Every structure is written in C-alpha cells, then in structure tokens.
Amino acid sequence: MNHIKLDISKVYGFVPEAEINKSESAANVALKKLYNKSGEGNDFLGWLDLPSKFPESLISDIEKTAAKLRSEIDLLVVVGIGGSYLGAKAIIDALSNNFAWMKTETAAPQIVFAGQNIGEDYISELLEVLDKKNYGIAVISKSGTTTEPALAFRILKNHLEKKVGKENAKKKIIAITDHSKGALRKMADIEGYKTFIIPDDTGGRFSVLTPVGLLPIAVAGFNIREFIKGAAEMEKSTSPEIPFSDNPASLYAATRNALYNKGKKIEILANFNSKLIYFSEWWKQLYGESEGKDGKGIYPASVNFTADLHSMGQYIQDGERHIFETVISVEKPASKFIIPKDNDDFDQLNYIAGKRVDEVNKMAELGTMLAHVDGGVPNIRISIDTISEFNLGQLVYFFEIACGISGYLLKVNPFNQPGVEAYKTNMFALLEKPGFEEETKKIKSRI
Ligand code: PA5
C-alpha cells in the first residue's frame, strides 16, 4: 500500500495540468527504458528491483552482524562519503530522537560519521571522543579508493589498533565494498575483516537499500525489514503497469521537468521537521549527481522550515523567479505537546494555548505554501503520515525511480558522475601523487 501522497495542484497556476499530462508518453517511455534496461547507464540499475528481490540470507546476515556489534560496542564510526554516507545518515537522523547524541541511557550504540570531509579538527576531535569509547568501525567505499574515507580509515584503524591491539581491532571492523576490486577489498581480505558487498550494478547514491545503508541503520536499532518492505511497496506503485495518472514517480518527474522547461531551474526541498534535514542532503546528492550534466539539470537545494523562513524566506518569496518548491510534509509527529496557558500572557500567545505545537507548525506550512505560490513559486507537496521505517523506504524508492525517469526526460545519463573527477585530479596534482606528474606541472603553472 502506498503511504505517500503527492499533490501537484499548486503547480497548475504555472504549468497547466494539460501541459504536464502531455509528458505522459515521454514519462512512460522513460520508465520502460529503466525496466527494459535500454537507456544510458543501464548497467547501473541494480537498485530498481532490489527491494522486491532482497535476499533473505543477506537481511539476516546484516541483522546478525548488527546485533553482535550492538552487544559489543557503544559507538560505531561509519566511514564513507557521498552515497556511501548520506543514505544511512538521512535515515538514522529521521528515525532518531533529535537529542539522541546527548542521551546516555540509550541501549543502541551511538552512530557517528567520518570520512565525509578532510577536516583536521573533525578527525582530531573525533579521536578525543573515541579515546574514551568502546567503538567499532564500518568502512564503506564502493571504489575503495576515495581519498576522504581512505584517509579517515587509515587514521581510525591506527587509533583502534593502538587502543585494543591489532587482533581485537580486526573483530571490530566491518568493510562494505566491491566484491573483488579496490584497495579496501584487498585490505579487508588480507586483514580478515567481516565484509558486505556493494553490488556492481548499484551506484553510490542509489545504494541506501544495500548493506551500505542497511548495516548502519540496523546497528542504530531500526527495523531494516520494514524499510525494505516500504521500498518494495513503492516499487509496485511505480512500475510500468501503473497508469501515468496513478504513478506518483512519473507525475513528480513530469511535473518538475515541465517546470524546468518553463525556466524554474532550482528545486528547493523543504521540510517542517528537523529530523529530515539530512534526508534533504541525501536527496540533493541523488538529483544533483544524476541530472547536473551536459550543461543541463535542475539545481537541487534545500531549506529547513520554519528556521530558514527567517533567512532564505525573503529570497524565496521575492527574489529571482527561477525556483519551485517541493515540501515533504509529515502529517503526525512522533510526540504530542500541548501549548500551556499563561496567566500573564506577556507574549500574547494565549490565543494558541491548548493547541498542539504541531497545529501551529501546520498553519506555518499552509501559510508558507500559499505565500510562496502567490509570490510565483510553484509548490509540489509530498506527504507521509508518520516518519517510520516503512514510510522512509517508500520515500527513498519514490525519489530514486523518479530520478531515473527525470534523467531520461532531460536526456542525460542519470547513472554516471563524470564531473566529480575534476577536483580529484587537481587535488592529486597539487599533492604530487605518483602518476600525476603531467597534471602537477600544468597546475603549478596556473598558481
Ligand atoms: O554517487 C556516487 O557514486 C558517488 O558520489 C559516491 O557515492 C562517492 O563518491 C563515494 O564513492 P565510494 O563509495 O566509491 O567511496
């Protein structure tokens, strides 16, 4: 059953419904291309039917490994960047208490991330914390050669080995990587780490429903079966058998494509729930890396409301009219809190006393949507009833398949990311990495 509701009615004032419906055949062709594996990047479609075909043996291996880690450590450092980091971070944050990092009584190990930057302060301050913790490491890299996680893992491995001894450290390290290639695979095999495989046909940003996302999510104590089940339900709801008008992924893809063709070049993903901040970060990688190429693509941005209404609100309301907004709305928050009455009423808020805090939030959401539409910002609304493993699984798969359709509508290969190499080449040249002598000479003449 589909628990996600998509409302595109607040786009019709900018692009008439009939015009969006004109994309029906193009969206159907794009969806079929994904299923027939006949489009560009067709060797990276492993994620497409993964939820419905997820091997039971792999789920239980992940669950058993997670349970063992949960009983042995009080903190897990997840090392990875991009698709090897953002999915797990997004789902764990969405399902966690906002202040989980401050809670000491929790049974689940704390999950922290490393290798997603090259900050000397970040890694040094993390090591200070780890000095006092009984911790394990999950190192995640599909290529096994990405500089940021490789560097962080070198430092962390060294720290853990010094702390507990080389042999004990081996039992506290899990590697998630390619089945045969790359430096991390080689190291894991030689050191004898427990490993999980990132399938060859699944790119980093589409890998949250593989061990890349599932192991950290399970260690954090969340139900990965429900997460996969939600994704599998969305797989059914977005398959080529579903007519365009009932297929939320095709409709979302066609709508954003129609808006792009009308000059709306920026999509801002907005949330009114702080648990979803990193969900937007995951979404930005998914759409940014998939669509931003060949001089084309909607720029994916994000805002966290109502906080950002007091910073970005002015621009959204009144700045250049090249924006549309997609709001993820959570119907029911996890908690219930009633606003108290105050006899003095100095703040003049007694008019909302007795209401839930969420009622105020919902009115802020509605008021914002109407204001932004009035200001020339088309609005797409995606709502889920609660933040749960099942609903997040639905949301993840919805955005993944819509991203594939969108990429083909835009006539780009949504499954490569050639542009991310440019900074790496320059960095290696500047660091005088062996093999980059020519690039080093060239770059030195420019600085
Ligand atoms: O989407 C992608 O494939 C990339 O952004 C990767 O996720 C990112 O570069 C990390 O790569 P790796 O897992 O090989 O270390």
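In this text, all values refer to a predicted model and were calculated from it rather than measured experimentally.
Put simply, the side chain of Ser250 reaches to within 4.5 Å of the side chain of Leu31, judged on heavy atoms. The closest side-chain heavy-atom distance from Glu161 to Lys157 is below 4.5 Å. Contact of the Leu45 side chain with the Lys33 side chain is not registered, since no non-hydrogen atoms from C-beta on lie closer than 4.5 Å. Using a 4.5 Å heavy-atom cutoff, the side chains of Thr255 and Pro378 are not in contact. Asp7 has its side chain out of reach of Ser383: every pair of non-hydrogen atoms, C-beta onward, lies at least 4.5 Å apart. Looking only at side-chain heavy atoms (C-beta outward), Ile316 and Thr368 stay at 4.5 Å or farther from each other. Two residues are said to be in side-chain contact when any heavy atoms from C-beta on lie closer than 4.5 Å; Lys172 and Ile73 meet this criterion. Annotation: side chain of Phe206 is not in contact with side chain of Leu50 (no heavy-atom distance under 4.5 Å).
Note on Lys265 versus Glu320: no salt bridge recorded, every NZ/NE/NH1/NH2 to OD/OE distance being 4.0 Å or above. Looking at Glu331 and Lys5, a side-chain N of the basic residue comes within less than 4.0 Å of a carboxylate O on the acidic one, giving a salt bridge.
Judged purely by atom type and a 3.5 angstrom limit, Asn416 has no side-chain atom pairing as donor or acceptor with the backbone of Pro418. Side-chain atoms of Lys293 come within 3.5 Å of backbone N or O of Glu289 as a donor-acceptor pair. Remark: side-chain polar atoms of Asp358 are not paired, donor with acceptor, to backbone N or O of Lys336 under 3.5 angstrom. Using a distance-only test at 3.5 Å, with no hydrogens or angles considered, no donor-acceptor pair links the side chain of Asn36 to the main chain of Ser38. Between the side chain of Asn361 and the backbone N or O of Phe272 there is at least one donor-acceptor pair closer than 3.5 Å. For the pair Ser290 (side chain) and Pro414 (backbone), a donor-acceptor distance under 3.5 Å is present. Between the side chain of Asn391 and the backbone N or O of Thr386, at least one donor-acceptor pair lies under 3.5 Å. Looking only at distances, no side-chain donor or acceptor of Lys181 sits under 3.5 Å from a matching main-chain atom of Ser143. Judged by distance alone, with hydrogens and angles left aside, the side-chain atoms of Asp294 form no donor-acceptor pair with the main-chain N or O of Lys296 at under 3.5 Å. Counting only distance, with no hydrogens or angles, the side chain of Lys142 and the backbone of Val212 share no donor-acceptor pair below 3.5 Å.
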Worked check of salt bridge (charged side-chain N to carboxylate O under 4.0 Å, His left out) between Lys442 and Glu439: CA-CA 5 Å; Lys442 272 192 221 149; Glu439 288 84 353; 6.0 Å; no
ring-ring contact (aromatic ring centres under 6.0 Å, His included) evaluation trace for Phe399 with Tyr252: CA-CA 9 Å; Phe399 278 123; Tyr252 172 59; 5.7 Å; yes
Can you check side chain to side chain contact (heavy atoms under 4.5 Å, CB included) on Leu214 and Ile228, steps first, answer last? CA-CA 9 Å; Leu214 298 175; Ile228 298 169; 3.9 Å; yes
Can Leu58 and Phe196 be said to form a side chain to side chain contact (heavy atoms under 4.5 Å, CB included), step by step? CA-CA 9 Å; Leu58 181 55; Phe196 286 97; 3.9 Å; yes
Tyr287 and Leu269: CA distance, side-chain angles, deciding distance, side chain to side chain contact (heavy atoms under 4.5 Å, CB included) verdict: CA-CA 11 Å; Tyr287 280 79; Leu269 191 71; over 6 Å; no
Pair Asn98, Lys275 - check side chain to side chain contact (heavy atoms under 4.5 Å, CB included), show working. CA-CA 7 Å; Asn98 275 294; Lys275 294 182 191 231; 3.9 Å; yes
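Shown here are the salt bridge (Lys or Arg N to Asp or Glu O under 4.0 Å) partners of Asp61, two or more places apart in sequence or in another chain: Lys194. Residues that satisfy the side-chain contact (heavy atoms from CB on, under 4.5 Å) test with Asp43, not counting sequence neighbours, are absent from this structure.
Across Trp282 and Val208, no two heavy atoms sit closer than the pair NE1-CG1, 4.1 Å. Minimum heavy-atom separation, Leu209 to Ala231: CD1-CB, 3.8 Å. Glu291 approaches Gly407 most closely through the heavy-atom pair OE2-N, 4.2 Å. Across all their heavy atoms, Val219 and Pro109 have their closest contact at O-CD, 3.4 Å. The two residues Phe415 and Gly41 come nearest to each other via the heavy atoms CD1-O, 3.5 Å. For the pair Arg381 and Ser329, the tightest heavy-atom approach, listed with the atom from each and the gap, is NH2-OG, 3.0 Å.
Annotation: the span from Ile217 atom CD1 to Phe227 atom CZ amounts to 4.5 Å, rounded to 0.5 Å. The structure places CD1 of Ile8 at 11.0 Å from OG1 of Thr326, a figure rounded to the nearest 0.5 Å. In this structure, CD in Glu267 is found 5.5 Å from CD1 in Ile298, a value given to the nearest 0.5 Å. Thr210 contributes atom OG1, which lies 6.0 Å from atom CD1 of Ile198 (distance to the nearest 0.5 angstrom). Rounding to the nearest 0.5 Å places NE2 of His159 at 8.5 Å from CG of Leu126. A distance of 10.5 Å separates CD1 of Ile224 from CD of Glu389, quoted to the nearest 0.5 Å.
Listed by first and then second residue, the side-chain hydrogen bond (donor to acceptor under 3.5 Å, both in side chains) pairs involving residues 395-413 are Arg256-Ser406 (not counting sequence neighbours). Every pair passing side-chain hydrogen bond (donor to acceptor under 3.5 Å, both in side chains) that includes a residue from residues 216-242 is listed here, sequence neighbours excluded: Ser52-Glu235, Glu56-Arg225, Glu63-Arg225, Glu226-Lys229, Glu233-Lys236, Ser239-Glu241.
For the 3.5 Å distance criterion, the side chains of His179 and Asp200 qualify, holding a donor opposite an acceptor. Under 3.5 Å, the side chains of Gln394 and His3 contain no donor-acceptor pair of N or O atoms. Remark: the Ser23 side chain and the Asn257 side chain contain no N/O donor-acceptor pair separated by less than 3.5 Å. Between the side chains of Asn158 and Lys162, at least one donor N or O lies within less than 3.5 Å of an accepting N or O.
Enclosure of atom OH in Tyr35 by more than 12 non-hydrogen atoms of other residues, nucleotides or ligands within 6.0 angstrom is indicated.
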Sequence neighbours left out, cut at 3.5 Å: what donor-acceptor pairs do the side chains of residues 75-90 make with other protein atoms?
residue: Lys89; atom: NZ; partner: Asp93; partner atom: OD1; Å: 3.4
residue: Lys89; atom: NZ; partner: Asp93; partner atom: OD2; Å: 3.3

Show me the side-chain donor-acceptor pairs of residues 423-431 shorter than 3.5 Å, one per line, residues at least two apart or across chains.
residue: Tyr423; atom: OH; partner: Glu148; partner atom: OE1; Å: 3.4
residue: Tyr423; atom: OH; partner: Glu148; partner atom: OE2; Å: 2.5
residue: Thr425; atom: OG1; partner: Glu421; partner atom: O; Å: 3.1

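Of the candidates Lys171, Lys166, Lys186, Lys166 is the only one forming a salt bridge (Lys or Arg N to Asp or Glu O under 4.0 Å) with Glu191.
Stacking of Lys170 on the aromatic ring of Tyr193 is not recorded, the 6.0 Å distance cut-off and the 45° axial limit not both being met.
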